[in-house]
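Please read these numbers as outputs of a predicted model, since none were measured by experiment. Order of listing sets the numbers, starting from 1, for every ligand and every atom in it.
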Amino acid sequence: MSAPPAPVRPDPYALGVAGLAALLGDQPRYRAEQVHRWLVRGVDDPAEMTDLPVALRDRLRELLPPPPRVLRRTTADGGLTLKVLLECGGGEAVESVLMLYPARATGGGRATAGGPAAKPSAGRATVCVSTQAGCAMGCPFCATGQAGFRGQLSLGEVVRQVTVMQRLLAEGELDLPEAVAAQLPRHVTNVVFMGMGEPLANLDATVGAVRWLAGRDGQGSGFGLSARSVTVSTVGLVPGIRRLADLGLPITLAVSLHAPDDELRDDLVPVNRQHPLPELLDACREYRGRTGRRLTFEYVLIDGINASVDQARRLARLVRGLGAHVNLIPMNPTPAVPWRAPSGNAQHAFLDTLREAGVAATIRRNRGSDIDAACGQLYADYALASGRILPTAVGAAQRVGSAAAARPDG
Ligand code: SF4
């Protein structure tokens with residue numbers, strides 16, 4: 001007879017202080033608060049929770065799952081972008097990125113992408129988290145889409161991506177010149193749900209993680225971020241947008257549009273066939289009305305596919321009046337996808353067309369492009385190197401490319 005399966009150990013991040021207290025049973029509540037404080041600081045190995053009695057640390061090691069490992073760590077942008085590949089359940093790996101923006105004490109910076117000169121600012125430390133291992137949405141320009149869907153992350157696996165970075169920041173383990181490190185915060189200031197996966201296709205974990213990071217439950221649990229510092233990105237899952245609005249937290253919603261009409265969007269963002277643009281834009285309007293937050297639209301610029309001046313005009317007509325900001329993202333080279341970003345001149349022509357039509361827009365510089373910081377790419381390289389997946393995007397990219405070339409404005 002085979003041995004009974006090992007009991008599933010609880011996710012310590014999902015427990016909160018009350019759940020930890022219940023798990024510890026006979027221990028006074030302040031012990032649960034101590035454990036929770038360690039978790040918030042990025043310490044999830046009970047052996048390192050040095051203010052707990054040794055016997056309790058041993059007991060926690062039996063009760064909680066073993067801490068996942070950091071599989072790979074790479075830096076770019078002079079150390080200001082750090083990308084880590086983290087082990088998660090079921091032998092999968094997910095990536096997260098820490099993007100550091102040192103404080104600027106004075107103005108006088110150069111204007112960027114046609115925008116105003118840089119103003120003095122406080123430093124920022126933004127973590128980009130993944131919510132799924134892989135992704136089922138199948139956008140043909142995306143490295144994660146190539147790898148397919150392999151599993152949902154738990155609330156703890158999402159939150160832990162932030163606390164791992166928090167620990168590196170707090171402990172100064174960033175390998176930066178002292179003068180630069182001095183201009184950085186010691187605490188994560190922003191979290192964006194823009195890594196691998198579609199956050200609203202893993203709704204419970206995403207909503208739980210948002211609450212953990214930015215909720216106010218009055219019990220000292222959670223990470224203490226301002227809700228305004230949290231951004232959830234989606235390709236447009238309308239029921240999820242409505243559920244996010246129900247949270248009553250003013251988090252920023254970033255919607256990936258990538259096309260100015262349903263015909264092209266059906267190809268570039270296949271979920272558009274379930275939730276076409278009129279339905280999606282209605283949900284966006286409702287989200288703005290209920291939360292009071294300005295919307296962001298993301299638009300990856302792909303040469304010869306969606307980046308013509310005529311497409312910029314049509315995009316402007318679509319989003320004008322929504323009070324949204326459009327982020328233009330020149331496409332990052334992606335393994336096995338033949339598409340590229342348009343020239344600098346073409347990018348600026350697209351930007352100027354939007355602005356002339358009264359739409360607030362900027363071109364976003366790709367942080368860490370030299371370490372593949374675009375969505376899903378570190379994982380793609382890792383998986384390809386280890387022979388675990390094969391790229392499947394070539395056929396899809398060719399199909400969309402031919403369809404775009406056949407259109408009058410392609
Ligand atoms: S762009 Fe986002 S939604 Fe589309 S396949 Fe990639 S990870 Fe999934």
- Query: Under 4.0 Å between a Lys/Arg side-chain N and an Asp/Glu carboxylate O for Arg243 and Asp204?
  - Reply: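 So Arg243 pairs with Asp204 through a salt bridge.
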- Item | Region of Cys139 engaging ligand 1 - heavy atom pairs below 4.0 Å |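 Both backbone and side chain.
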- Task: Please say which of Trp38, Phe223, Trp212 ends up in a ring pair (Phe, Tyr, Trp, His ring centres under 6.0 Å) with Tyr13.
- Result: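 Among Trp38, Phe223, Trp212, the one that satisfies the ring pair (Phe, Tyr, Trp, His ring centres under 6.0 Å) with Tyr13 is Trp212.
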- Give me the one residue out of Val326, Ile329, Leu328 that meets side-chain contact (heavy atoms from CB on, under 4.5 Å) with Ile363.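 Going through the options one by one, the only one that passes is Leu328.
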- Task: Scan Val129, Val232, Leu153, Val207 and name whichever one has a side-chain contact (heavy atoms from CB on, under 4.5 Å) with Pro199.
- Result: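 Answer to the side-chain contact (heavy atoms from CB on, under 4.5 Å) test with Pro199 among Val129, Val232, Leu153, Val207: Val232.
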- Message: So that I can check it, does any N, O or S atom in Cys142 come closer than 2.8 Å to atom 8 (Fe) of ligand 1?
- Response: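 Short answer: no, not a single N, O or S atom is under the cut-off.
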- Give the numbers and elements of all ligand 1 atoms closer than 4.0 Å to a heavy atom of Gly197.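 Taking each heavy atom of Gly197 in turn, ligand 1 has 7 (S) under 4.0 Å.
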- Message: Can you name the atoms of ligand 1, numbered from 1 with element, that are less than 4.0 Å from a heavy atom of Val235?
- Response: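 In order of number, 3 (S).
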